[in-house]
Amino acid sequence: MERHYRNRLAPDDLADPQLAEESLAALDELTQLLKIGPVYPFQLG
């Protein structure tokens, strides 16, 4: 969690493309840790 999530989230952060990339990276790592394979569409491409 500490690697992928920000300590604070401000309204302006919602317009930051890096936030989306960070969120996808966190979801990707979580599914790998849980060994459940690709679940989300971005993992299939």
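Throughout, numbering of the chain's residues begins at 1 and tracks the sequence. Just the heavy atoms: all of them, side chains too, but no hydrogens, waters or symmetry mates, feed the values below.
Shown here for Leu44 and Pro38, the closest heavy-atom pair between the two residues is CD2-CB, 3.7 Å. Of all heavy-atom pairs between Tyr40 and Leu27, the closest is OH-CD2, 3.6 Å.
Every residue two or more places apart in sequence or in another chain was checked for a salt bridge (Lys or Arg N to Asp or Glu O under 4.0 Å) with Arg8, and none qualifies. Considering only residues two or more places apart in sequence or on other chains, Glu21 meets the salt bridge (Lys or Arg N to Asp or Glu O under 4.0 Å) condition with none of them. Not a single side-chain hydrogen bond (donor to acceptor under 3.5 Å, both in side chains) links Ser23 to another residue, sequence neighbours left out. With sequence neighbours excluded, the residues that form a side chain to side chain contact (heavy atoms under 4.5 Å, CB included) with Tyr5 are Met1, Ala26. For Gln32, the side chain to side chain contact (heavy atoms under 4.5 Å, CB included) test picks out Asp28, with sequence neighbours left out. Under the side chain to side chain contact (heavy atoms under 4.5 Å, CB included) criterion, Ala20 pairs with no residue, sequence neighbours left out. Partners of Leu30 under the side chain to side chain contact (heavy atoms under 4.5 Å, CB included) rule, at least two apart in sequence or in another chain, are Leu34.
Sequence neighbours left out, not one pair with a member in residues 36-45 passes salt bridge (Lys or Arg N to Asp or Glu O under 4.0 Å). Within the structure, salt bridge (Lys or Arg N to Asp or Glu O under 4.0 Å) pairs that include any residue of residues 29-43 comprise Arg3-Glu29 (at least two apart or interchain).
In the hydrophobic cluster analysis, where Ile, Leu, Val, Met, Phe, Trp and Tyr join through side-chain heavy atoms closer than 4.5 angstrom, Ile36 is grouped together with Phe42.
Residues Leu9, Leu19 make up the rest of the hydrophobic cluster containing Leu14, defined by ILVMFWY side-chain heavy atoms closer than 4.5 Å, directly or through other members.
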